[in-house]
Amino acid sequence: MLNMKGFIFLVYNECRKTIKASIPSYFWFILLISISTYSLSIEKYAEISIDRSLLTLKTGGSPTADVLLFITSFAVSSTSDVISGKAPQIVFPASIGVIFFMIFPMMLGLTLMSKFIIKKSTASIAGEKEKKTLYLLASSPLKRSAIYTGKFAGIFLLTLPMIFFIYLASLWVFAGIFSSAPDLSKKILETSAITAFFFISAGMLLSVTLKHEKNAAWAGTKIVTAAALLTTAWLTLPFLEFLMNLTNNRTDFLTYFEKITIVSPFTLDLMSVHSPATSEINLGILIIASFIFFISGMVMFTGQDIEA
Amino acid sequence: MISVKNLNKRFGKTVAVKNFDLHVKKNAIHGLIGPEASGKSTVLGILSTLIRPDSGEVTINDIPLAKGSRIRKLVGFVPKTPQLPLDFTARRLVSFSASLHGLQDRNMIQTTLKQTGLDAVADQSLDRFSQAMIKNVATAIALVHSPQVLLLDEPMAGIDPVSQKRLRELLLSYGRTVLITGQDLDTIDGLCSSITVLRSGSVMVDDELASLRQRAGKGALEIKLVDVGQTQKMLLELQKHGARASVNGESVYVQFSSESEIPNIIRTAACSADIMYARSVKLSIEDVFSRFNAESR
């Protein structure tokens with residue numbers, strides 16, 4: 001039976017010992033998300049529909065496909081103004097504004113949050129094993145699984161302010177700037193929480209697997225960077241396809257490349273927010289992967305020898 | 001009570017513990033003695049459930065080792081060189097440890113801090129503590145939940161004589177099962193009623209201390225001569241009178257089982273050689289090894 005008091009103290013201690021060091025990360029997070037969210041309000045948005053018949057893209061799943069469609073549509077519709085010497089006034093559809101929010105503040109927030117999580121989670125086991133302070137917890141009546149879960153819960157609690165701030169930012173944009181667009185703030189909250197869960201599980205698995213905190217942190221940071229790069233590649237695919245079509249090049253390989261970019265958790269996040277119809281599947285993949293990492297890490301940690 | 005049967009543990013290619021048996025009676029203080037890398041810390045690591053054994057049966061107070069959580073409620077463990085988070089104070093760490101056991105009695109925490117000599121420095125950060133004080137904190141952490149079984153890995157190593165004296169008094173008055181390790185018999189002198197001697201992961205001797213002293217000799221007398229040339233003559237004379245004597249360097253060592261034998265030994269030695277000095281040397285672990293190595297041949 002779980003020693004509930006001991007478990008709560010463990011979670012409290014995990015939060016307490018790193019909260020001070022987390023304050024600069026919170027500050028920069030809030031600052032950067034606020035700036036990128038506020039910058040969206042500088043543009044004008046209106047209820048404008050996008051003519052989807054102008055372009056057919058094989059890589060049309062990405063939200064930037066809509067951006068490309070809008071730019072193409074705007075270019076075509078403002079041709080007569082340009083010819084007559086008038087400067088065209090661009091007004092973005094609210095749906096495009098929502099995509100800007102997804103790509104900039106939301107993705108920035110998720111990437112920063114993931115890097116923060118990786119730093120904390122890789123130190124949670126590997127760091128303590130290296131310093132040989134883990135014996136304190138491992139020699140208490142708490143089971144190894146409870147210790148692992150407690151550390152997980154502590155990191156999740158530390159991440160909550162970031163998740164909450166992304167949600168607040170989304171509430172602000174959907175209540176104000178994009179009031180005509182469907183409110184995706186709850187979906188964004190759900191996505192942020194699941195992404196946090198994913199990266200904590202992955203980070204802790206690395207922490208259990210690798211002996212040294214430095215190696216675990218390095219591997220974790222590389223994973224976040226690689227995921228961000230894959231998602232960036234996914235976002236640029238429609239533009240790449242458009243350019244290659246213009247120059248009469250083959251674009252079949254782009255659909256294969258698109259499948260690779262879906263491996264990134266950030267791509268799944270964007271897909272689930274952009275296409276709510278497929279979000280169950282996308283978030284489900286993240287949840288399943290998170291559970292696999294979590295259980296694997298816990299099983300490994302339970303069987304390991306702890307040096308005192 | 002601790003019962004260990006046929007315990008084995010290997011780290012990669014290195015055999016740390018091999019066919020290890022141990023039986024510690026309830027409320028006894030038992031010593032586990034052996035040189036560096038003999039497997040003492042590994043045995044304690046296994047008993048405290050930090051290390052998983054490869055095979056063997058272990059029970060503590062009739063609870064099998066597999067019931068790790070129940071074992072850890074009974075056991076208090078102090079590692080050889082405890083590493084503790086330095087941004088805590090002693091009081092917070094001991095309180096934290098008590099909380100992990102579901103305890104929050106401030107009086108009990110204060111008593112534990114006082115018992116381990118930490119009451120005056122309890123609210124100082126550990127980064128200002130010496131290694132000896134950190135060991136005292138680790139001892140307080142192990143004691144705070146009043147464990148039925150105490151496992152102490154070389155507790156006297158690296159601590160000052162005042163702390164050693166305090167710890168000895170505490171252990172003698174504790175009244176529960178204690179398993180204490182050390183590299184020499186000085187560690188357990190006056191403390192343990194029984195000992196197990198380990199070498200290379202295997203048990204060499206497992207006996208009551210009084211019986212062991214009788215078999216190996218209580219101590220030795222070191223005799224230094226004015227003229228080193230007389231060493232062989234004195235040695236033969238001593239051996240003729242039944243003394244267990246051996247030469248080491250320029251000194252002759254004569255083992256005795258009782259201090260009452262010392263005057264006779266000196267008298268015998270003085271008859272055959274001019275003595276510069278004679279002094280008592282305590283029985284060492286090497287003496288035990290050489291004695292029991294010789295017996296086993």
Side-chain angles (χ1 to χ4, degrees), chain A residues 1-23 120 123-151 153-154 208 211-213 298-308, chain B residues 9-12 16 41-42 44-54 66-88 92-104 126 134 137-138 140-142 144-145 147 149-154:
Chain A
M1 204 171 140
L2 180 68
N3 170 10
M4 207 60 205
K5 253 188 192 172
F7 180 78
I8 289 168
F9 270 101
L10 165 65
V11 174
Y12 167 72
N13 189 58
E14 288 299 310
C15 290
R16 213 193 138 280
K17 69 183 184 187
T18 50
I19 190 98
K20 231 179 178 177
S22 303
I23 290 170
K120 300 292 173 208
S124 63
I125 307 281
E128 285 213 51
K129 269 202 274 185
E130 221 173 331
K131 288 178 212 160
K132 296 188 184 177
T133 53
L134 199 54
Y135 96 88
L136 205 63
L137 289 173
S139 59
S140 74
L142 288 173
K143 290 185 178 179
R144 294 272 182 102
S145 54
I147 294 170
Y148 194 84
T149 309
K151 283 183 173 286
V208 167
K211 257 189 172 177
H212 300 289
E213 181 192 342
M298 189 193 283
V299 167
M300 283 177 68
F301 180 61
T302 304
Q304 281 182 342
D305 292 336
I306 306 289
E307 220 179 311
Chain B
K9 177 67 185 179
R10 182 189 281 268
F11 294 105
S41 298
T42 304
L44 251 58
I46 291 170
L47 292 175
S48 60
T49 74
L50 294 179
I51 297 174
R52 309 285 192 227
D54 294 335
K67 308 271 182 196
S69 186
R70 286 176 64 190
I71 293 268
R72 289 190 295 275
K73 279 184 190 161
L74 300 176
V75 163
F77 172 58
V78 183
K80 190 164 144 183
T81 31
Q83 301 295 328
L84 299 171
L86 299 178
D87 51 347
F88 276 68
R92 267 202 24 232
L93 256 183
V94 175
S95 302
F96 176 59
S97 178
S99 309
L100 292 175
H101 287 270
L103 305 165
Q104 276 182 284
L126 256 60
I134 286 178
V137 177
I141 286 168
V144 74
H145 65 280
V149 175
L150 257 184
L151 305 172
L152 306 165
D153 197 354
E154 298 192 32

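We name chains A, B, ... by the order of the sequence lines, and we start the count at 1 in each one.
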Item to check | Under 4.5 Å from any heavy atom of chain A - which part of B/Lys67 | outcome: neither
Checklist entry - What is the minimum heavy-atom distance between A/Ser140 and B/His101, and which atoms define it? => result CA-NE2, 4.4 Å
Next on the checklist: Please evaluate residues A/Asn13 and B/Phe88 with respect to the criterion side chain to side chain contact (heavy atoms under 4.5 Å, CB included), reporting the C-alpha separation (whole Å), side-chain torsions for both, the decisive distance (0.1 Å), and the verdict.
Outcome noted: CA-CA 11 Å; A/Asn13 189 58; B/Phe88 276 68; 3.1 Å; yes
Checklist outcome for this item: Looking only at A/Pro141, A/Gly303, A/Gly6, most heavy-atom pairs under 4.5 Å shared with chain B are made by A/Pro141
Item to check | Interchain contact, B/Arg70 with chain A, by part (heavy-atom threshold 4.5 Å) | outcome: neither
Item to check | Side chain / backbone / both / neither for B/Leu93 at chain A, heavy atoms under 4.5 Å | outcome: side chain
Checklist entry - B/Ala142 versus chain A, heavy atoms under 4.5 Å apart: side chain, backbone, both or neither? => result neither
Checklist outcome for this item: On a heavy-atom basis, the closest approach of A/Thr133 and B/Pro85 is CG2-N, 3.8 Å
Item to check | Shortest non-hydrogen contact between B/Pro79 and A/Ala308, atoms and distance | outcome: CB-CB, 3.7 Å
Checklist entry - CD of A/Glu307 to CZ of B/Phe11: how many Å apart, nearest 0.5 Å? => result 8.0 Å
Item to check | Minimum heavy-atom distance A/Arg144-B/Thr49, with the two atoms named | outcome: NH2-O, 3.6 Å
Checklist entry - What do the steps show when you test A/Tyr135 against B/Leu84 for side chain to side chain contact (heavy atoms under 4.5 Å, CB included), and what is the final call? => result CA-CA 9 Å; A/Tyr135 96 88; B/Leu84 299 171; 3.7 Å; yes
Checklist entry - What closest approach, in Å, do B/Ile51 and A/Ile306 show between heavy atoms, and which atom pair accounts for it? => result CG1-O, 4.2 Å
Checklist entry - Where does B/Ser99 contact chain A at under 4.5 Å (heavy atoms): side chain, backbone, both or neither? => result both
Next on the checklist: Which heavy atom of A/Leu142 sits nearest to which heavy atom of B/Arg72, and what is that distance?
Outcome noted: O-NH2, 3.1 Å
Checklist entry - Does any heavy atom of chain A fall under 4.5 Å from the side chain of B/Phe77, the backbone, both, or neither of them? => result both
Checklist entry - So what's closer than 4.5 Å to chain B heavy atoms on A/Gln304: side chain, backbone, both or neither? => result backbone
Item to check | Engaged part of A/Lys131 at the chain B interface, taking heavy atoms whose separation is under 4.5 Å | outcome: backbone
Item to check | Within-4.5 Å side-chain heavy-atom neighbours: A/Phe9 and B/Gln104 | outcome: yes
